[in-house]
Amino acid sequence: MNIHKDQSWGFASPLPRNGVVVRSNKELLERITSYKREGIDLPVFGLLGGDLWRTLGGRNEETRLYKENATTVDVDLGCVLLDGKIYWFCAHMLIGKKFSGSKVFISNAAHYGKTNPAPKAHPGDGKFDILKVELSTFQTIQAIKRVQTGTHLPHPGIKYERVESKQFSLKKKMKVEIDGKRIGKFQNVSLRIENEALRVVV
């Protein structure tokens with residue numbers, strides 16, 4: 001069951017003995033992809049880095065993960081079909097170039113590196129936060145300055161929506177980055193949330 005207003009989220013519990021500790025977006029993504037493609041149930045992950053860890057207010061203290069007061073939460077997992085091939089993501093997906101041209105940013109977490117492009121995004125609310133960006137080069141530079149603090153919204157050149165699933169086709173194939181990893185170029189996108197599919201400890 002996803003979070004609701006004024007409702008507590010998560011519980012105090014240590015990382016189990018068979019839990020898996022990861023330290024980056026890349027490591028978490030690779031582990032999840034491997035388990036998913038092999039049809040193996042996901043373990044509990046202890047987070048020590050990455051954008052999901054940062055969004056959840058994690059600390060870089062591995063010993064904390066094994067303490068009784070460690071915070072355990074069930075978070076959503078993004079699932080996307082790109083030109084017929086399935087991928088998963090924990091934090092975000094970027095379609096297009098970072099600093100120029102049209103782009104679509106799909107987020108399950110508030111943070112993207114040191115920036116905060118989706119300040120309202122919550123990894124346990126059952127929805128994606130989607131930003132469709134149409135800005136000139138100058139506007140992009142100005143927006144980047146404000147995205148550090150999450151004050152770039154609202155903006156007339158950025159369309160913002162929150163959805164549980166979405167399908168769309170791009171005018172042409174565009175570069176896609178998932179959790180910071182370049183995947184390739186694609187045109188047809190079909191998104192859906194896997195509700196509370198991932199349990200993590202911070």
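The first residue in the sequence is number 1, and the count goes up from there.
Expressed to the nearest 0.5 Å, how far OG of S102 lies from NZ of K172 amounts to 9.0 Å. Atoms OG1 and CG, from T71 and L56 in turn, are 9.0 Å apart once rounded to the nearest 0.5 Å. Separation of atoms CD (E38) and OG1 (T33) is listed at 11.0 Å; rounding is to 0.5 Å. Note that NZ of K181 and CG of L94 are 16.0 Å apart. Values are rounded to the nearest 0.5 Å. Atoms OH and CZ, from Y87 and F186 in turn, are 4.0 Å apart once rounded to the nearest 0.5 Å. Atom-to-atom distance recorded for K120:NZ and R162:CZ is 8.5 Å, nearest 0.5 angstrom.
Y112 and D51 share no side-chain donor-acceptor pair at under 3.5 Å.
Residue A70 comes nearest to L65 through the heavy atom pair CB-O, 3.7 Å, listed as atom of the first residue, atom of the second, then distance. When all heavy atoms are compared, the tightest approach of P123 to L52 is CB-CD1, 3.7 Å. The two residues I178 and L29 come nearest to each other via the heavy atoms O-CD2, 3.6 Å. The two atoms that bring D129 and A118 nearest to each other are CB-CB, 4.3 Å, heavy atoms only. P117 and A110 get closest at one heavy-atom pair: CD-O, 3.4 Å. Scanning both residues, L48 and N60, for their nearest heavy atoms gives O-OD1, 3.6 Å.
N69 has its side chain within reach of R64: a pair of non-hydrogen atoms, C-beta onward, lies under 4.5 Å apart. In this structure, the side chains of M93 and I183 stay at 4.5 Å or more apart for every pair of heavy atoms. Residues V201 and S13 are not in side-chain contact: their nearest non-hydrogen atoms beyond the backbone lie 4.5 Å or more apart. Looking at R199 and L42, their side chains never come closer than 4.5 Å, going by heavy atoms from C-beta outward.
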Note to self: The test is side-chain contact (heavy atoms from CB on, under 4.5 Å); show your working for F45 and R31 and say whether it passes.
What the structure shows: CA-CA 10 Å; F45 288 97; R31 292 273 192 169; 3.8 Å; yes
Checklist line | Step-by-step side-chain contact (heavy atoms from CB on, under 4.5 Å) determination, I193 to K127 | finding: CA-CA 7 Å; I193 283 275; K127 293 184 178 181; 5.7 Å; no
Next item on the list: Check the pair K36 / L77 against side-chain contact (heavy atoms from CB on, under 4.5 Å), numbers first and verdict last.
Entry: CA-CA 11 Å; K36 283 285 194 178; L77 191 61; 3.7 Å; yes
Checklist line | Step-by-step side-chain contact (heavy atoms from CB on, under 4.5 Å) determination, N195 to E164 | finding: CA-CA 9 Å; N195 287 292; E164 296 177 6; over 6 Å; no
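A donor-acceptor pair under 3.5 Å is absent between the side-chain atoms of T55 and the main chain of A109, judged by distance alone. Between the side chain of D76 and the backbone N or O of N108, no donor-acceptor pair lies under 3.5 Å. Counting only distance, with no hydrogens or angles, the side chain of Q187 and the backbone of S169 share no donor-acceptor pair below 3.5 Å. Panel note: side chain D179, backbone C90; a donor-acceptor pair is recorded below 3.5 Å. The main-chain N or O of N188 is found under 3.5 Å from a side-chain atom of D83 such that the two form a donor-acceptor pair.
A salt bridge links E62 with R23; the closest basic N to acidic carboxylate O contact falls under 4.0 Å. Ion pair K67/E61 not flagged as a salt bridge, since none of the NZ, NE, NH1 or NH2 atoms sits closer than 4.0 Å to an Asp/Glu carboxylate oxygen.
Transitive grouping of hydrophobic side chains (ILVMFWY, heavy atoms separated by less than 4.5 Å) keeps L81 and F168 in distinct clusters. Y66 and V22 are assigned to two separate hydrophobic clusters, defined by single-linkage of ILVMFWY side chains at heavy-atom distances under 4.5 Å. By the rule that hydrophobic residues join a cluster once side-chain heavy atoms approach within less than 4.5 Å of another member, F89 and L82 end up as members of one cluster. A single hydrophobic cluster is not seen to contain both L15 and V73; linkage of ILVMFWY side chains at heavy-atom distances under 4.5 Å, directly or through other members, places them apart. Each of L131 and I95 belongs to its own hydrophobic cluster when Ile, Leu, Val, Met, Phe, Trp and Tyr are linked at side-chain heavy-atom distances under 4.5 angstrom.
The environment of R182 atom CZ is sparse: at most 12 non-hydrogen atoms of other residues, nucleotides or ligands sit within 6.0 angstrom.
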